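The structure's right below; bear with me while I get my questions together.
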Amino acid sequence: MKLAWQQFGKPRKGYSQPEFWNLILSQTSKPEVFKTFYERYISGNEDLLSYFSEKITCLGIEYVQRPNPDHLAGKLGVLTNDHKIVKVHPESPAFDKLMIGDQISFEESVSHLEVKVERTNGNQYEFTFESTERYFPQINLAIAEETDIRKNG
């Protein structure tokens, strides 16, 4: 980061993503490992959390993913603040129906969410969505065991 600051931040010079990535590659003896990572997880679409959870076990750290207790966030992929939508997960069935800024209320049944929204223009809409627990999970890290890497690192 110090080098990035010296090259780009301090002289107030902007940079492109490739320029920044080339800076990172210039600091490693194994650029092919970083290139593969970049292709898979940064420019690609592989799941970084799965990769991360596999790698941290050697540090004795346990990765635990749980459903989000906020029903709109966890089951529909809708984040709210004071009953106003602030984000909709792009893979949510609500993505093309709800809008940021909508006032939202909901009722939950065993398998569905009954959603009512009021738009900023006053229009009101009702939607029914299937309830799943796949969005915005809670991620917790915990020390599972002491390891040589952590003791000596």
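Computed from heavy atoms alone, side chains included, the values below leave out hydrogens, waters and symmetry copies. What you are looking at is a predicted structure, and each value in this text was computed from that prediction instead of being measured.
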- Least distance between heavy atoms, Phe129 atom then Lys97 atom: CE2-CD, 3.9 Å

- Straight-line distance of Asn123 CG to Asp102 CG, nearest 0.5 Å: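 One finds 10.0 Å between CG of Asn123 and CG of Asp102.
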
- Query: Is there a side-chain contact between Met99 and Arg119, using heavy atoms and a 4.5 Å cut-off?
  - Reply: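 Yes, their side chains come closer than 4.5 Å.
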
- Message: Looking at Phe37, I want to see if its CZ is surrounded by more than 12 non-hydrogen atoms of other residues, nucleotides or ligands under 6.0 Å.
- Response: yes

- Task: For atom CD of Glu107, decide whether the heavy atoms of other residues, nucleotides or ligands shown that lie under 6.0 angstrom number more than 12.
- Result: no

- For the residue pair Pro93 and Leu76, what are the closest heavy atoms and their distance?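 That would be CG-CD1, 4.2 Å.
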
- Should Ile24 and Tyr38 be marked as a side-chain contact (heavy atoms from CB on, under 4.5 Å) after you check the CA-CA gap, both sets of side-chain angles, and the distance that decides it? CA-CA 11 Å; Ile24 292 169; Tyr38 183 89; over 6 Å; no

- Item | Side-chain heavy-atom pair Leu25, Lys35 within 4.5 angstrom cut-off | yes

- Exceeds 12 heavy-atom contacts within 6.0 angstrom, atom CG of Asn140: yes

- Message: Surrounding NE2 of His83 (heavy atoms of other residues, nucleotides or ligands, distance under 6.0 Å), is the total greater than 12?
- Response: no

- Is there a side-chain contact between Val115 and Ile104 (heavy atoms, below 4.5 Å)?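 They are in contact (side-chain heavy atoms under 4.5 Å apart), so the answer is yes.
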
- What are the two closest non-hydrogen atoms of Thr120 and Gly101, and how far apart are they? CG2-O, 4.1 Å

- Item | Heavy-atom closest pair, residues Val78 and Ile85 | CG1-CG1, 3.7 Å

- Task: Work out which heavy atom in Ala4 is nearest to a heavy atom in Leu23; give both atom names and the distance.
- Result: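 Where Ala4 meets Leu23 most closely, the heavy atoms are CA-CD2, 3.5 Å.
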
- Query: How far apart are the C-alpha atoms of Ser105 and Lys116, what are their side-chain angles, what is the distance that settles it, and do they pass the side-chain contact (heavy atoms from CB on, under 4.5 Å) test?
  - Reply: CA-CA 5 Å; Ser105 63; Lys116 294 179 182 179; 3.6 Å; yes

- State, to 0.1 Å, how close Leu49 and Gln65 come at their nearest heavy-atom pair, and which atoms those are.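 Looking at all heavy atoms of both residues, the shortest contact is CD1-OE1, 4.5 Å.
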
- Message: Quick check on side-chain contact (heavy atoms from CB on, under 4.5 Å): which of Ile61, Val64, Leu59 does Leu141 satisfy it with?
- Response: Ile61

- In terms of hydrophobic clusters joined by side-chain contacts under 4.5 Å, are Leu113 and Phe127 together?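 Shared cluster, yes.
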
- Query: If you count the non-hydrogen atoms of other residues, nucleotides and ligands that lie under 6.0 Å from CG in Asn81, is the total more than 12?
  - Reply: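 Count not over threshold, so no.
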
- Take atom CD of Glu32 as the centre, draw a 6.0 Å sphere, and report whether it contains more than 12 heavy atoms from other residues, nucleotides or ligands.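 Buried by this count: over 12 neighbours within 6.0 Å.
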
- Query: Going by heavy atoms in the side chains, are His89 and Phe136 under 4.5 Å from each other?
  - Reply: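 Result yes, sub-4.5 Å side-chain heavy-atom pair found.
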
- Query: Roughly how far apart are Phe52 CZ and Asp47 CG, rounded to 0.5 Å?
  - Reply: 12.0 Å

- Same cluster (ILVMFWY, side-chain, under 4.5 Å), Tyr135 and Phe95: no

- Message: Test your reading of the model: is there a side-chain donor-acceptor pair from Glu19 to the backbone of Ser16, 3.5 Å cut-off?
- Response: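 Yes, Glu19 side chain to Ser16 backbone: donor-acceptor pair under 3.5 Å.
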
- Message: Regarding Lys75 and Glu130, does a basic nitrogen lie under 4.0 Å from an acidic carboxylate oxygen?
- Response: no

- Query: Taking the side chain as C-beta and beyond, is there a heavy-atom pair between Val117 and Leu98 under 4.5 Å?
  - Reply: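 SC-SC contact between Val117 and Leu98 confirmed.
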
- Any Ile42 side-chain heavy atom under 4.5 Å of Trp21 side chain: yes

- Query: Which value, rounded to the nearest 0.5 Å, describes the distance between Gln6 atom CD and Lys13 atom NZ?
  - Reply: 13.5 Å

- Query: Taking C-beta and beyond as the side chain, do Phe20 and Gln7 meet within less than 4.5 Å on heavy atoms?
  - Reply: no

- Do Asp82 side-chain atoms and Lys84 backbone N/O form a donor-acceptor pair below 3.5 Å?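 Here the side-chain-to-backbone pair does not exist.
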
- Are more than 12 heavy atoms from other residues, nucleotides or ligands located less than 6.0 Å from atom CZ of Phe34? no

- Does the Thr128 side chain pair with the main chain of Glu114, one donor and one acceptor, at a distance under 3.5 Å?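 The answer is no, because no donor-acceptor pair under 3.5 Å joins these two groups.
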
- Task: Answer yes if Val88 and Tyr125 sit in the same cluster of Ile, Leu, Val, Met, Phe, Trp and Tyr residues linked by side chain heavy atoms under 4.5 Å apart, and no otherwise.
- Result: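 Val88 clusters together with Tyr125.
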
- Message: Run the side chain to side chain donor-acceptor pair (under 3.5 Å) test on His71 and Glu108 for me, step by step, so that the C-alpha distance in whole Å, both residues' side-chain angles and the decisive distance to 0.1 Å come before the verdict.
- Response: CA-CA 9 Å; His71 295 286; Glu108 185 175 9; 3.2 Å; yes

- Query: Is there a donor-acceptor contact under 3.5 Å from the side chain of Ser53 to the main chain of Ser50?
  - Reply: yes

